Colleague: 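The structure that follows is given in the form of C-alpha coordinates.
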2 protein chains.
Amino acid sequence: MTSMNPPAAVETAKHQRGHLSRERLAIAGLKIARTEGLENLTMKRLAKAVAVTPMAIYRHFEDKSDLIDAVLDRFVQEQDICNHGVPGKDWAGWLERTYSNMYDGLQSMPSVYPYLSSGSRFGAGATDVVTQSLDVMEAAGFSRERAAQAASTLNGFVIGCAIMDNAFYQSLSAKDKALHSNLEPRLQTGLRLIISGLKHELSVQS
Amino acid sequence: MTSMNPPAAVETAKHQRGHLSRERLAIAGLKIARTEGLENLTMKRLAKAVAVTPMAIYRHFEDKSDLIDAVLDRFVQEQDICNHGVPGKDWAGWLERTYSNMYDGLQSMPSVYPYLSSGSRFGAGATDVVTQSLDVMEAAGFSRERAAQAASTLNGFVIGCAIMDNAFYQSLSAKDKALHSNLEPRLQTGLRLIISGLKHELSVQS
DNA sequence: ACCTGAACACCGTTCAAGT
DNA sequence: ACCTGAACACCGTTCAAGT
(Lines give C-alpha, C1' and ligand atoms only; values in the text may rest on other atoms or scores of the structure.)
Protein backbone atom coordinates (compact mmCIF):
# COMPACT_ATOMS: atom_id res chain seq x y z
CA MET A 1 0.00 0.00 0.00
CA THR A 2 3.05 2.26 0.11
CA SER A 3 4.23 2.59 -3.49
CA MET A 4 4.11 -0.31 -5.98
CA ASN A 5 2.73 1.57 -8.97
CA PRO A 6 3.06 5.37 -8.86
CA PRO A 7 -0.37 6.63 -7.69
CA ALA A 8 -1.51 9.48 -9.96
CA ALA A 9 1.03 12.29 -10.03
CA VAL A 10 -0.30 13.48 -6.72
CA GLU A 11 2.81 13.43 -4.56
CA THR A 12 5.57 14.10 -7.07
CA ALA A 13 7.88 15.79 -4.58
CA LYS A 14 9.96 13.15 -2.84
CA HIS A 15 10.85 13.75 0.74
CA GLN A 16 14.20 15.45 0.57
CA ARG A 17 15.34 17.96 3.15
CA GLY A 18 13.72 21.35 2.97
CA HIS A 19 10.77 20.09 0.96
CA LEU A 20 8.42 20.51 3.87
CA SER A 21 6.44 23.73 4.02
CA ARG A 22 3.25 25.11 5.53
CA GLU A 23 1.52 24.80 2.19
CA ARG A 24 2.59 21.22 1.51
CA LEU A 25 1.58 20.24 5.03
CA ALA A 26 -1.76 22.04 4.79
CA ILE A 27 -2.51 20.27 1.51
CA ALA A 28 -1.57 16.89 2.92
CA GLY A 29 -3.56 17.67 6.05
CA LEU A 30 -6.67 18.61 4.08
CA LYS A 31 -6.34 15.38 2.11
CA ILE A 32 -6.37 13.39 5.34
CA ALA A 33 -9.27 15.47 6.67
CA ARG A 34 -11.26 14.82 3.48
CA THR A 35 -10.68 11.09 3.41
CA GLU A 36 -10.55 10.21 7.10
CA GLY A 37 -12.28 13.10 8.83
CA LEU A 38 -10.78 16.16 10.44
CA GLU A 39 -10.92 14.45 13.83
CA ASN A 40 -8.41 11.93 12.55
CA LEU A 41 -5.95 14.53 11.39
CA THR A 42 -3.26 14.12 13.99
CA MET A 43 0.34 15.24 14.12
CA LYS A 44 1.59 11.67 13.99
CA ARG A 45 -0.82 10.72 11.24
CA LEU A 46 0.20 13.71 9.11
CA ALA A 47 3.87 13.04 9.79
CA LYS A 48 3.46 9.52 8.48
CA ALA A 49 1.65 10.80 5.39
CA VAL A 50 4.55 13.04 4.42
CA ALA A 51 7.15 10.49 5.55
CA VAL A 52 8.62 12.55 8.30
CA THR A 53 8.91 12.64 12.07
CA PRO A 54 6.04 14.28 14.01
CA MET A 55 8.42 16.87 15.36
CA ALA A 56 9.35 18.04 11.87
CA ILE A 57 5.89 19.59 11.64
CA TYR A 58 6.65 21.84 14.57
CA ARG A 59 9.28 23.55 12.47
CA HIS A 60 6.42 24.92 10.33
CA PHE A 61 3.48 25.16 12.73
CA GLU A 62 3.32 26.53 16.25
CA ASP A 63 1.09 23.75 17.46
CA LYS A 64 -1.81 21.61 16.35
CA SER A 65 -4.41 24.37 16.33
CA ASP A 66 -2.13 26.35 14.03
CA LEU A 67 -2.12 23.40 11.67
CA ILE A 68 -5.89 23.00 11.87
CA ASP A 69 -6.36 26.68 11.07
CA ALA A 70 -4.18 26.34 7.99
CA VAL A 71 -6.09 23.27 6.84
CA LEU A 72 -9.44 25.01 7.38
CA ASP A 73 -8.29 28.08 5.52
CA ARG A 74 -7.17 25.96 2.59
CA PHE A 75 -10.53 24.16 2.71
CA VAL A 76 -12.43 27.44 2.40
CA GLN A 77 -10.20 28.72 -0.38
CA GLU A 78 -10.58 25.53 -2.43
CA GLN A 79 -14.33 25.79 -2.01
CA ASP A 80 -14.23 29.09 -3.89
CA ILE A 81 -17.68 30.02 -2.70
CA CYS A 82 -18.10 33.38 -4.41
CA ASN A 83 -16.86 32.25 -7.81
CA HIS A 84 -20.22 31.53 -9.46
CA GLY A 85 -21.79 33.02 -12.57
CA VAL A 86 -24.29 35.31 -10.86
CA PRO A 87 -23.42 39.01 -11.27
CA GLY A 88 -23.22 41.25 -8.23
CA LYS A 89 -25.88 43.51 -9.68
CA ASP A 90 -28.44 40.81 -9.03
CA TRP A 91 -27.71 41.08 -5.31
CA ALA A 92 -30.54 38.80 -4.21
CA GLY A 93 -29.52 36.07 -6.63
CA TRP A 94 -25.88 36.60 -5.72
CA LEU A 95 -26.60 36.14 -2.03
CA GLU A 96 -28.74 33.07 -2.55
CA ARG A 97 -26.10 31.44 -4.73
CA THR A 98 -23.19 32.38 -2.51
CA TYR A 99 -24.70 31.10 0.71
CA SER A 100 -26.07 28.06 -1.03
CA ASN A 101 -22.50 27.32 -2.14
CA MET A 102 -21.35 27.84 1.40
CA TYR A 103 -23.82 25.24 2.57
CA ASP A 104 -22.70 22.76 -0.07
CA GLY A 105 -19.10 23.33 0.89
CA LEU A 106 -19.83 22.63 4.54
CA GLN A 107 -21.80 19.51 3.72
CA SER A 108 -18.90 18.21 1.64
CA MET A 109 -16.87 17.82 4.82
CA PRO A 110 -19.13 17.41 7.85
CA SER A 111 -16.19 16.83 10.16
CA VAL A 112 -15.51 20.58 10.13
CA TYR A 113 -18.63 21.33 12.15
CA PRO A 114 -17.02 20.91 15.55
CA TYR A 115 -14.39 23.41 14.49
CA LEU A 116 -16.86 26.02 13.29
CA SER A 117 -17.50 27.13 16.80
CA SER A 118 -14.64 28.24 18.96
CA GLY A 119 -10.95 28.88 18.79
CA SER A 120 -10.03 27.93 15.26
CA ARG A 121 -10.47 30.98 13.12
CA PHE A 122 -11.21 30.72 9.47
CA GLY A 123 -8.62 32.85 7.76
CA ALA A 124 -8.46 34.94 4.61
CA GLY A 125 -10.90 32.72 2.73
CA ALA A 126 -13.81 33.22 5.09
CA THR A 127 -13.16 36.92 5.57
CA ASP A 128 -13.32 37.27 1.79
CA VAL A 129 -16.83 35.87 1.61
CA VAL A 130 -18.08 38.31 4.22
CA THR A 131 -16.35 41.28 2.67
CA GLN A 132 -17.66 40.48 -0.80
CA SER A 133 -21.17 40.07 0.60
CA LEU A 134 -21.00 43.45 2.26
CA ASP A 135 -19.76 45.06 -0.95
CA VAL A 136 -22.54 43.53 -3.03
CA MET A 137 -25.22 44.64 -0.58
CA GLU A 138 -23.77 48.10 -0.15
CA ALA A 139 -23.83 48.54 -3.91
CA ALA A 140 -27.47 47.45 -3.87
CA GLY A 141 -28.34 50.31 -1.52
CA PHE A 142 -27.98 48.91 1.99
CA SER A 143 -25.96 50.68 4.62
CA ARG A 144 -22.78 48.81 5.41
CA GLU A 145 -24.05 48.31 8.92
CA ARG A 146 -27.29 46.77 7.76
CA ALA A 147 -25.34 44.67 5.27
CA ALA A 148 -23.16 43.33 8.09
CA GLN A 149 -26.29 42.48 10.04
CA ALA A 150 -27.79 40.66 7.09
CA ALA A 151 -24.57 38.77 6.37
CA SER A 152 -24.59 37.66 9.99
CA THR A 153 -28.11 36.38 9.71
CA LEU A 154 -27.37 34.52 6.49
CA ASN A 155 -24.18 33.04 7.90
CA GLY A 156 -25.88 31.99 11.07
CA PHE A 157 -28.71 30.38 9.25
CA VAL A 158 -26.50 28.50 6.78
CA ILE A 159 -24.19 27.15 9.48
CA GLY A 160 -27.07 26.20 11.70
CA CYS A 161 -28.94 24.59 8.83
CA ALA A 162 -25.89 22.59 7.78
CA ILE A 163 -25.28 21.40 11.30
CA MET A 164 -28.90 20.45 11.75
CA ASP A 165 -29.15 18.57 8.49
CA ASN A 166 -26.18 16.58 9.66
CA ALA A 167 -27.13 15.82 13.20
CA PHE A 168 -30.04 17.42 14.97
CA TYR A 169 -32.34 15.75 12.47
CA GLN A 170 -31.48 12.41 14.03
CA SER A 171 -32.78 13.35 17.44
CA LEU A 172 -36.40 13.72 16.37
CA SER A 173 -39.17 11.29 17.07
CA ALA A 174 -39.94 8.88 14.28
CA LYS A 175 -43.14 10.72 13.51
CA ASP A 176 -41.54 14.11 13.13
CA LYS A 177 -38.59 12.62 11.30
CA ALA A 178 -40.91 11.58 8.51
CA LEU A 179 -42.23 15.11 8.32
CA HIS A 180 -38.73 16.49 8.07
CA SER A 181 -37.42 14.11 5.48
CA ASN A 182 -39.79 15.06 2.67
CA LEU A 183 -38.99 18.74 2.80
CA GLU A 184 -35.66 18.77 1.09
CA PRO A 185 -35.16 22.40 0.16
CA ARG A 186 -35.08 23.61 3.74
CA LEU A 187 -32.02 25.68 3.01
CA GLN A 188 -33.55 27.32 -0.05
CA THR A 189 -36.75 28.08 1.81
CA GLY A 190 -34.88 29.71 4.68
CA LEU A 191 -32.53 31.66 2.45
CA ARG A 192 -35.42 33.03 0.41
CA LEU A 193 -37.32 33.92 3.55
CA ILE A 194 -34.42 36.02 4.77
CA ILE A 195 -33.62 37.53 1.37
CA SER A 196 -37.22 38.45 0.66
CA GLY A 197 -37.24 40.24 3.99
CA LEU A 198 -34.27 42.26 2.78
CA LYS A 199 -35.95 42.96 -0.57
CA HIS A 200 -38.96 44.33 1.22
CA GLU A 201 -36.76 46.56 3.36
CA LEU A 202 -35.07 47.99 0.30
CA SER A 203 -38.33 48.71 -1.50
CA VAL A 204 -39.77 50.51 1.53
CA GLN A 205 -36.63 52.52 2.08
CA SER A 206 -36.36 53.89 -1.51
CA MET B 1 -9.98 22.04 48.59
CA THR B 2 -11.29 18.58 49.31
CA SER B 3 -13.49 18.92 52.41
CA MET B 4 -12.54 21.17 55.33
CA ASN B 5 -15.90 22.81 55.86
CA PRO B 6 -18.87 21.02 54.31
CA PRO B 7 -19.44 22.91 51.01
CA ALA B 8 -23.16 23.57 50.66
CA ALA B 9 -25.09 20.34 50.89
CA VAL B 10 -24.05 19.56 47.32
CA GLU B 11 -22.25 16.25 47.65
CA THR B 12 -23.90 14.75 50.70
CA ALA B 13 -23.53 11.16 49.55
CA LYS B 14 -20.15 9.82 50.57
CA HIS B 15 -18.49 7.34 48.29
CA GLN B 16 -19.67 4.02 49.53
CA ARG B 17 -20.14 1.05 47.27
CA GLY B 18 -23.15 1.18 45.02
CA HIS B 19 -23.53 4.91 45.34
CA LEU B 20 -22.43 5.49 41.80
CA SER B 21 -25.18 5.85 39.21
CA ARG B 22 -25.77 7.33 35.77
CA GLU B 23 -27.52 10.28 37.33
CA ARG B 24 -24.87 11.05 39.92
CA LEU B 25 -22.18 10.75 37.27
CA ALA B 26 -24.08 12.93 34.81
CA ILE B 27 -24.54 15.60 37.47
CA ALA B 28 -20.87 15.51 38.44
CA GLY B 29 -19.94 15.54 34.76
CA LEU B 30 -22.10 18.58 34.03
CA LYS B 31 -20.53 20.36 36.97
CA ILE B 32 -17.08 19.77 35.52
CA ALA B 33 -18.29 20.80 32.07
CA ARG B 34 -19.73 24.03 33.46
CA THR B 35 -16.64 25.00 35.43
CA GLU B 36 -13.83 23.67 33.26
CA GLY B 37 -15.39 23.27 29.84
CA LEU B 38 -16.88 20.18 28.23
CA GLU B 39 -13.57 19.51 26.46
CA ASN B 40 -11.99 18.93 29.86
CA LEU B 41 -14.57 16.43 30.95
CA THR B 42 -12.56 13.25 30.77
CA MET B 43 -13.07 9.82 32.22
CA LYS B 44 -10.09 10.18 34.52
CA ARG B 45 -11.07 13.70 35.54
CA LEU B 46 -14.62 12.64 36.36
CA ALA B 47 -13.37 9.58 38.21
CA LYS B 48 -11.24 11.81 40.41
CA ALA B 49 -14.19 14.11 41.06
CA VAL B 50 -16.32 11.28 42.41
CA ALA B 51 -13.35 9.63 44.15
CA VAL B 52 -13.38 6.46 42.14
CA THR B 53 -11.32 4.60 39.57
CA PRO B 54 -11.83 5.55 35.88
CA MET B 55 -13.00 2.03 35.15
CA ALA B 56 -15.84 2.30 37.66
CA ILE B 57 -17.56 4.67 35.23
CA TYR B 58 -17.69 1.95 32.61
CA ARG B 59 -20.05 0.02 34.87
CA HIS B 60 -22.63 2.76 34.19
CA PHE B 61 -21.74 4.09 30.74
CA GLU B 62 -20.89 2.23 27.56
CA ASP B 63 -18.13 4.62 26.63
CA LYS B 64 -17.25 8.26 26.72
CA SER B 65 -19.78 9.36 24.11
CA ASP B 66 -22.49 7.71 26.17
CA LEU B 67 -21.39 9.82 29.13
CA ILE B 68 -21.28 12.99 27.03
CA ASP B 69 -24.81 12.32 25.79
CA ALA B 70 -26.06 11.95 29.34
CA VAL B 71 -24.35 15.17 30.40
CA LEU B 72 -25.76 17.05 27.40
CA ASP B 73 -29.24 15.73 28.07
CA ARG B 74 -29.04 16.86 31.65
CA PHE B 75 -27.78 20.24 30.48
CA VAL B 76 -30.81 20.71 28.23
CA GLN B 77 -33.24 19.56 30.92
CA GLU B 78 -31.81 21.95 33.50
CA GLN B 79 -32.12 24.77 31.00
CA ASP B 80 -35.88 24.23 31.01
CA ILE B 81 -36.27 26.22 27.80
CA CYS B 82 -40.04 26.04 27.39
CA ASN B 83 -40.90 26.88 30.97
CA HIS B 84 -41.58 30.62 30.58
CA GLY B 85 -44.67 32.65 31.27
CA VAL B 86 -45.80 33.14 27.69
CA PRO B 87 -49.01 31.21 26.89
CA GLY B 88 -49.15 28.91 23.90
CA LYS B 89 -52.04 30.87 22.47
CA ASP B 90 -49.67 33.72 21.71
CA TRP B 91 -47.77 31.43 19.38
CA ALA B 92 -45.49 34.15 17.97
CA GLY B 93 -44.50 35.37 21.42
CA TRP B 94 -44.11 31.80 22.60
CA LEU B 95 -41.73 30.98 19.76
CA GLU B 96 -39.68 34.13 20.23
CA ARG B 97 -39.33 33.49 23.95
CA THR B 98 -38.59 29.80 23.61
CA TYR B 99 -35.87 30.16 21.01
CA SER B 100 -34.48 33.17 22.78
CA ASN B 101 -34.17 30.98 25.88
CA MET B 102 -32.49 28.32 23.79
CA TYR B 103 -29.93 30.86 22.67
CA ASP B 104 -29.28 31.99 26.24
CA GLY B 105 -28.88 28.40 27.33
CA LEU B 106 -26.33 27.70 24.63
CA GLN B 107 -24.39 30.86 25.42
CA SER B 108 -24.23 29.85 29.08
CA MET B 109 -21.94 26.97 28.13
CA PRO B 110 -20.11 27.70 24.88
CA SER B 111 -18.07 24.53 25.11
CA VAL B 112 -21.11 22.57 23.92
CA TYR B 113 -20.87 23.99 20.41
CA PRO B 114 -18.48 21.39 19.08
CA TYR B 115 -20.93 18.72 20.24
CA LEU B 116 -23.95 20.31 18.61
CA SER B 117 -22.96 18.91 15.27
CA SER B 118 -22.40 15.22 14.85
CA GLY B 119 -22.71 12.03 16.77
CA SER B 120 -23.82 13.12 20.18
CA ARG B 121 -27.57 13.24 20.16
CA PHE B 122 -29.47 15.49 22.47
CA GLY B 123 -31.95 13.28 24.23
CA ALA B 124 -35.40 13.70 25.68
CA GLY B 125 -34.86 17.33 26.59
CA ALA B 126 -34.21 18.55 23.06
CA THR B 127 -36.91 16.41 21.52
CA ASP B 128 -39.33 18.00 23.96
CA VAL B 129 -38.61 21.50 22.73
CA VAL B 130 -39.24 20.51 19.14
CA THR B 131 -42.41 18.61 19.96
CA GLN B 132 -43.83 21.47 22.02
CA SER B 133 -42.99 23.92 19.25
CA LEU B 134 -44.83 21.80 16.72
CA ASP B 135 -47.86 21.55 19.01
CA VAL B 136 -48.01 25.29 19.58
CA MET B 137 -47.79 26.04 15.88
CA GLU B 138 -50.27 23.37 14.91
CA ALA B 139 -52.75 24.85 17.37
CA ALA B 140 -52.15 28.23 15.75
CA GLY B 141 -53.26 26.90 12.39
CA PHE B 142 -50.10 25.64 10.69
CA SER B 143 -49.92 22.19 9.19
CA ARG B 144 -47.64 19.93 11.20
CA GLU B 145 -45.38 19.68 8.20
CA ARG B 146 -45.04 23.43 7.87
CA ALA B 147 -44.54 23.67 11.63
CA ALA B 148 -41.68 21.18 11.42
CA GLN B 149 -40.15 23.24 8.65
CA ALA B 150 -40.44 26.43 10.68
CA ALA B 151 -39.01 24.78 13.80
CA SER B 152 -36.08 23.68 11.68
CA THR B 153 -35.48 27.18 10.45
CA LEU B 154 -35.69 28.62 13.95
CA ASN B 155 -33.41 25.95 15.35
CA GLY B 156 -30.89 26.41 12.61
CA PHE B 157 -30.85 30.12 13.01
CA VAL B 158 -30.50 30.04 16.78
CA ILE B 159 -27.67 27.52 16.73
CA GLY B 160 -25.90 29.29 13.94
CA CYS B 161 -26.36 32.64 15.61
CA ALA B 162 -25.02 31.34 18.91
CA ILE B 163 -22.00 29.78 17.26
CA MET B 164 -21.29 32.93 15.33
CA ASP B 165 -21.59 35.22 18.30
CA ASN B 166 -19.04 33.03 19.98
CA ALA B 167 -16.51 32.58 17.25
CA PHE B 168 -17.12 33.65 13.69
CA TYR B 169 -17.31 37.20 14.90
CA GLN B 170 -13.61 37.08 15.68
CA SER B 171 -12.60 36.34 12.11
CA LEU B 172 -13.82 39.64 10.70
CA SER B 173 -11.65 42.52 9.65
CA ALA B 174 -11.30 45.26 12.25
CA LYS B 175 -13.51 47.53 10.20
CA ASP B 176 -16.39 45.10 9.91
CA LYS B 177 -15.92 44.02 13.52
CA ALA B 178 -16.82 47.51 14.64
CA LEU B 179 -19.96 47.35 12.53
CA HIS B 180 -20.92 44.05 14.09
CA SER B 181 -20.29 45.00 17.67
CA ASN B 182 -22.85 47.77 17.93
CA LEU B 183 -25.75 45.67 16.72
CA GLU B 184 -26.45 43.65 19.79
CA PRO B 185 -29.93 42.26 19.20
CA ARG B 186 -28.88 40.20 16.19
CA LEU B 187 -30.76 37.23 17.57
CA GLN B 188 -33.95 39.18 18.18
CA THR B 189 -33.82 40.75 14.75
CA GLY B 190 -33.40 37.39 13.07
CA LEU B 191 -36.04 35.66 15.15
CA ARG B 192 -38.55 38.39 14.41
CA LEU B 193 -37.71 38.30 10.73
CA ILE B 194 -38.50 34.60 10.59
CA ILE B 195 -41.57 34.82 12.81
CA SER B 196 -43.02 37.76 10.93
CA GLY B 197 -42.63 35.69 7.78
CA LEU B 198 -44.72 32.99 9.44
CA LYS B 199 -47.33 35.51 10.59
CA HIS B 200 -47.71 36.73 7.05
CA GLU B 201 -48.15 33.17 5.82
CA LEU B 202 -50.91 32.54 8.31
CA SER B 203 -52.79 35.73 7.44
CA VAL B 204 -52.67 34.92 3.72
CA GLN B 205 -53.75 31.33 4.25
CA SER B 206 -56.85 32.11 6.30
C1' DA C 1 18.20 25.66 9.14
C1' DC C 2 15.87 21.57 9.25
C1' DC C 3 14.95 17.21 10.96
C1' DT C 4 15.41 12.96 14.30
C1' DG C 5 14.82 10.17 18.78
C1' DA C 6 13.71 9.48 23.21
C1' DA C 7 10.83 10.86 26.79
C1' DC C 8 6.65 12.90 29.43
C1' DA C 9 2.07 13.55 30.84
C1' DC C 10 -1.98 12.86 29.23
C1' DC C 11 -6.11 10.22 26.57
C1' DG C 12 -9.91 6.18 26.08
C1' DT C 13 -10.22 1.55 26.76
C1' DT C 14 -9.19 -3.88 27.55
C1' DC C 15 -8.66 -7.56 30.54
C1' DA C 16 -8.03 -10.04 34.75
C1' DA C 17 -8.58 -9.79 39.43
C1' DG C 18 -10.47 -8.49 43.98
C1' DT C 19 -14.73 -7.96 47.46
C1' DA D 1 -22.83 -6.71 41.24
C1' DC D 2 -19.61 -3.30 41.65
C1' DC D 3 -15.16 -1.64 41.78
C1' DT D 4 -9.75 -1.82 41.44
C1' DG D 5 -4.99 -2.20 39.12
C1' DA D 6 -2.03 -2.85 35.64
C1' DA D 7 -1.41 -2.52 30.90
C1' DC D 8 -2.00 -0.97 25.82
C1' DA D 9 -2.16 1.97 21.98
C1' DC D 10 -2.86 6.24 21.16
C1' DC D 11 -2.51 11.76 21.86
C1' DG D 12 0.21 16.63 21.79
C1' DT D 13 4.39 18.34 23.07
C1' DT D 14 9.41 19.24 25.36
C1' DC D 15 14.16 18.87 25.10
C1' DA D 16 18.60 17.50 23.51
C1' DA D 17 20.94 15.87 19.76
C1' DG D 18 22.25 14.98 14.92
C1' DT D 19 23.37 16.81 9.83
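Computed from a prediction, not measured in an experiment: that's the story for all the values here.
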Colleague: Using whole Å, what does the distance between atom C1' of nucleotide C:dG5 and atom OH of A:Y58 come to?
Modeller: 15 Å

Colleague: Considering only side-chain heavy atoms of B:K64, which listed nucleotide, C:dG12, C:dT4, D:dT13, is closest?
Modeller: C:dG12

Colleague: Checking side-chain polar atoms at under 3.5 Å, does A:Q149 have a donor or acceptor matched by the opposite partner on A:R146?
Modeller: yes

Colleague: Report the base-pairing partner of D:dT13 (Watson-Crick or G-U wobble, both distances below 3.5 angstrom), or none.
Modeller: C:dA7

Colleague: What is the distance, rounded to the nearest whole Å, between atom NZ of A:K44 and atom P of C:dG5?
Modeller: 14 Å

Colleague: Tell me: CE of A:M55 to P of D:dT13, nearest whole Å?
Modeller: 9 Å

Colleague: Can B:H60 and B:S21 be counted as having a side-chain donor-acceptor contact under 3.5 angstrom?
Modeller: no

Colleague: Is any NZ, NE, NH1 or NH2 atom of the basic residue among B:D69 and B:K64 found under 4.0 Å from an Asp or Glu carboxylate oxygen of the other?
Modeller: no

Colleague: What's the CG-P distance between A:L46 and D:dT13, to the nearest Å?
Modeller: 13 Å

Colleague: Taking the side chain of A:V52 as its heavy atoms from C-beta onward, which of D:dT13, C:dT13, C:dC3 lies nearest to it?
Modeller: C:dC3

Colleague: Nearest whole angstrom, please: distance from the P of C:dA1 to the NE2 of A:H60.
Modeller: 13 Å

Colleague: Separation of A:R45 atom CZ from D:dT13 atom P, in whole Å?
Modeller: 18 Å

Colleague: Assuming nearest nucleotide by heavy-atom distance, tell me which of B:R59 and A:A56 is located more 5' along DNA chain C.
Modeller: A:A56

Colleague: Between C:dC11, D:dG12, C:dT4, which nucleotide has the shortest distance from any of its atoms to the side chain of B:T42?
Modeller: C:dC11

Colleague: Strictly by Watson-Crick or wobble contacts shorter than 3.5 Å, is anything paired with C:dA1, and which nucleotide is it?
Modeller: D:dT19

Colleague: Would you confirm whether B:K48, through its side chain, and B:P54, through its main-chain N or O, come within 3.5 Å as a donor-acceptor pair?
Modeller: no

Colleague: Does a salt bridge link B:D73 with B:R22, judged by any charged N lying under 4.0 Å from a carboxylate O?
Modeller: no

Colleague: Could you tell me the separation between the CG atom of B:D66 and the C1' atom of C:dG12, rounded to a whole number of Å?
Modeller: 14 Å

Colleague: Separation of A:I57 atom CD1 from C:dT4 atom C1', in whole Å?
Modeller: 13 Å

